[in-house]
Amino acid sequence: VIGIRRRAPEPAMGLRAEFAALDEPRRRRPRLRVLVPIVILLLAGLLAAAYFWVRSSSLSAVRDVRVTGLSGAEAGQIRNTLDTVARGMSTLNVKPGRFHSAVAAYPEVKSVRVSASFPHSMTIHVVEQIPVAVAVADGHRTVVSGDGTLLPNINAATSLPTITLREAPVGAKLSGA
C-alpha cells in the first residue's frame with residue numbers, strides 16, 4: 001500500500017519507564033573505595049577523641065586509693081604522699097614515675113608498683129628495704145639493707161648482726177665495709 005506509513009510498535013508501558021531511565025544522564029555515586037576509608041578514619045578520630053576526653057575527665061578520676069606493704073615509723077607519711085599523688089591522676093593515665101619520685105626521699109622504700117582499676121580505684125604496693133645488719137660507728141647505730149642502703153629512720157632490731165666501722169657512714173649507701 002502506497003502512501004501509508006506504518007509506525008513502529010510501541011513497547012509495553014513497563015519497559016517505557018526503564019528505557020526512559022537509560023536516557024537520563026547518569027548521576028555520579030561516590031565509590032565505596034573512597035567512602036569506606038574516609039568513614040573509618042572519621043570513626044577512629046572520634047574514638048580517639050572520646051578516649052582522651054574520658055581519660056582526663058572525672059569519669060576516670062582516682063577516688064579510692066589502697067596502699068599496701070608499708071610498716072615502720074614513716075608509714076603514715078609515705079601513705080599520705082602516695083595517696084596525694086594518686087588522686088592527681090586518672091585510672092586511664094597512670095604515671096609510675098611520679099610515684100617513684102614521691103618516695104625517693106624515703107630510703108626504706110625499695111620500689112613501688114601501681115595498678116589501676118577503672119573507673120575509680122588504684123592500688124599501690126610498696127616494697128620496703130629489708131634490714132639485714134646494723135652499722136655501728138662512734139656509738140651511732142644505723143640499719144643497713146641487703147644492697148647496702150642506709151636506713152636511718154628504722155629502729156635497729158637486737159637480732160641483726162653488727163658491722164663495726166671506723167667512721168660513720170656518709171651518703172645513702174654503705175661502701176667499703
Side-chain angles (χ1 to χ4, degrees), residues 34-137 140-163 165 167-177:
V34 175
L35 192 59
V36 169
I38 290 172
V39 169
I40 289 173
L41 286 174
L42 287 173
L43 286 174
L46 184 63
L47 286 173
Y51 169 77
F52 285 112
W53 178 74
V54 168
R55 186 177 90 164
S56 62
S57 74
S58 63
L59 294 174
S60 64
V62 174
R63 294 186 187 142
D64 306 317
V65 179
R66 183 172 170 232
V67 180
T68 62
L70 284 174
S71 62
E74 294 189 332
Q77 290 176 331
I78 297 169
R79 182 174 282 108
N80 289 341
T81 300
L82 292 171
D83 188 79
T84 302
V85 171
R87 290 182 189 279
M89 295 183 189
S90 75
T91 56
L92 297 176
N93 192 18
V94 177
K95 297 176 181 166
R98 288 192 183 171
F99 293 100
H100 294 288
S101 298
V103 296
Y106 301 100
E108 57 266 32
V109 175
K110 185 174 188 176
S111 66
V112 178
R113 287 191 316 253
V114 181
S115 62
S117 179
F118 186 80
H120 303 293
S121 298
M122 185 175 287
T123 301
I124 305 165
H125 181 70
V126 178
V127 177
E128 294 182 313
Q129 296 278 10
I130 299 172
V132 296
V134 177
V136 178
H140 186 344
R141 299 169 56 89
T142 305
V143 177
V144 181
S145 72
D147 66 354
T149 302
L150 299 175
L151 307 171
N153 301 324
I154 295 180
N155 294 329
T158 57
S159 62
L160 293 175
T162 303
I163 302 170
L165 304 173
E167 296 178 12
V170 178
K173 286 203 176 229
L174 186 63
S175 61

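- Checking each of V143, L70, I154 against E108 for a side-chain contact (heavy atoms from CB on, under 4.5 Å) leaves exactly one that passes, namely I154.
- Heavy atoms only, all atoms of each residue included: S58 and R63 are closest at O-NH2, 3.2 Å.
- Looking only at side-chain heavy atoms (C-beta outward), D147 and K173 come within less than 4.5 Å of each other.
- Taking every heavy atom of both residues into account, V112 and F99 meet most closely at CG1-CB, 4.0 Å.
- Here OG1 of T149 is found 12.0 Å from CD1 of I130. Values are rounded to the nearest 0.5 Å.
- To the nearest 0.5 Å, the span separating NE2 on H140 from OG1 on T142 amounts to 4.5 Å.
- In this structure, the separation between CG on N93 and CZ on F52 is 9.0 Å, given to the nearest 0.5 Å.
- The shortest side-chain heavy-atom distance between V103 and V126 does not fall under the 4.5 Å cut-off.
- In terms of heavy-atom proximity, P169 sits nearest to L174 at CB-CD1, 4.0 Å.
- Between the T91 side chain and the P119 main chain, a donor and an acceptor come within less than 3.5 Å of each other.
- Contact annotation: the side chain of L165 never approaches that of E167 to less than 4.5 Å [non-hydrogen atoms, C-beta and beyond].
- The heavy-atom pair separating Q129 from S145 by the smallest distance is OE1-OG, 3.3 Å.
- When all heavy atoms of P161 and V132 are compared, the pair lying nearest together is CD-O, 3.2 Å.
- Interatomic distance, CG of L92 versus CG of L59, reported as 9.5 Å (0.5 Å rounding).
- The neighbour count for R66 CZ, taken as heavy atoms of other residues, nucleotides or ligands under 6.0 Å away, does not exceed 12.
- The shortest distance between side-chain heavy atoms of L150 and V144 falls below 4.5 Å.
- Residues L42 and L46 fail the side-chain proximity criterion, which asks for heavy atoms closer than 4.5 Å.
- Counting only distance, with no hydrogens or angles, the side chain of S101 and the backbone of R98 share no donor-acceptor pair below 3.5 Å.
- Here the closest heavy-atom approach between residue S60 and residue R55 is recorded as OG-O, 3.3 Å.
- Under the side-chain hydrogen bond (donor to acceptor under 3.5 Å, both in side chains) criterion, D83 pairs with R87, not counting sequence neighbours.
- Around atom CZ of R79, more than 12 heavy atoms belonging to other residues, nucleotides or ligands sit under 6.0 Å away.
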